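Atom set for the values below is all heavy atoms of this structure, side chains included, hydrogens, waters and symmetry mates excluded. Sequential numbering from 1 along the given sequence is applied to the chain's residues. No experiment lies behind these values; they were computed from the predicted model shown.
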Amino acid sequence: MRTWLTNIQWCPGCGDFLIVMALKNAFRELEIASHNRVVVSGVGCSGKASQYVDGYAAETLHGRAVPFATGVKLANPELTVVIMGWDGDGYGIGMGHFIHACRRDLDMVYIVFDNENYALTTGQASPTTPLGAKTKTTPDGNTTLPFDPLKLAEDAGCSFAKLWYSKDFKWLKELIKEAIAHPWFA
């Protein structure tokens, strides 16, 4: 058995494993061969995601998965390009890239693992941390208003922006398949 299938490095109970499995099943059901797909991941726990999927992959710099994936898609428009990132990675340091990807509307899928904090670095508040939530950086409760990434995506021109939960595996897989089939940024 391949070590990347057995050496998962996420915390027990983390939804990341389910998201990766949903993506792998979506690729299989859509019959997208490994040589026709690229998984680009950012930094954070989701950065490991590209390591667990057969095919071309890149783990990029913090906040830079979207521009890297854009370059891949422009270089070879025939590839199925899926970006995987955390809320801190994509909505923090990578926010400008996220907004412009929505505006450009290239045929790519961006799956954001939004757990509302920077979990890999002990749980600091992220751009989507709810008001009042206690984290390492907000021990008295978060006082910064979180933003709604789906509304932001739609306002920036994204034609496919949806939210789902990793624990609903069957629907998550179907949603990923729908996003891959969508001919624009999803």
Exam field: side chain [X] to backbone [Y], donor-acceptor pair closer than 3.5 Å:
X	Y	value
Lys73	Leu106	no
Asp105	Phe185	yes
Lys173	Met21	no
Thr60	Ser41	yes
Asn117	Asn115	yes
Arg37	Phe27	no
Asp87	Glu116	yes

Distance-minimising heavy-atom pair for [X] and [Y]:
X	Y	result
Ala22	Phe169	N-CE1, 3.3 Å
Gly92	Tyr118	CA-OH, 4.2 Å
Val40	Ala65	CG1-O, 3.5 Å
Val20	Met84	CG2-CE, 4.3 Å
Ile176	Ala26	CG2-CB, 3.8 Å
Ser166	Leu18	O-CD1, 3.4 Å

Is Leu61 linked to Ile83 within one hydrophobic cluster, defined over Ile, Leu, Val, Met, Phe, Trp and Tyr using a side-chain heavy-atom separation of less than 4.5 Å?
no
Shared ILVMFWY cluster between Leu74 and Val38, side chains joined below 4.5 angstrom?
yes
Checking Tyr110 now: which residues fulfil ring-ring contact (aromatic ring centres under 6.0 Å, His included) with it, not counting sequence neighbours?
Phe98
Could you check whether atom OH of Tyr56 has more than 12 heavy atoms from other residues, nucleotides or ligands sitting under 6.0 Å from it?
no
Step-by-step side chain to side chain contact (heavy atoms under 4.5 Å, CB included) determination, Asp114 to Tyr91:
CA-CA 9 Å; Asp114 186 358; Tyr91 304 148; 4.2 Å; yes
Separation of Leu79 CG from Asn36 CG (nearest 0.5 Å)
6.5 Å
I need the Trp164 CH2 to Ile19 CD1 distance, nearest 0.5 Å.
14.0 Å
Exercise answer: donor-acceptor pairs, residues 137-150 side-chain atoms, under 3.5 Å, sequence neighbours excluded:
from	atom 1	to	atom 2	distance (Å)
Thr137	OG1	Ala125	N	3.0
Thr137	OG1	Thr135	OG1	3.3
Thr138	OG1	Ala133	O	3.1
Thr138	OG1	Thr135	N	3.1
Thr138	OG1	Thr135	OG1	2.7
Asn142	OD1	Thr144	N	3.1
Asn142	ND2	Thr129	O	2.9
Asn142	ND2	Pro130	O	3.4
Asn142	ND2	Thr144	O	3.0
Asp148	OD1	Leu150	N	3.0
Asp148	OD1	Lys151	N	3.3

Tell me whether the rings of Phe160 and His182 are parallel (<30°), tilted (30 to 60°) or perpendicular (>60°).
tilted
Carefully, step by step, assess Leu175 and Lys162 under the rule side chain to side chain contact (heavy atoms under 4.5 Å, CB included).
CA-CA 8 Å; Leu175 187 62; Lys162 298 190 180 186; 3.5 Å; yes
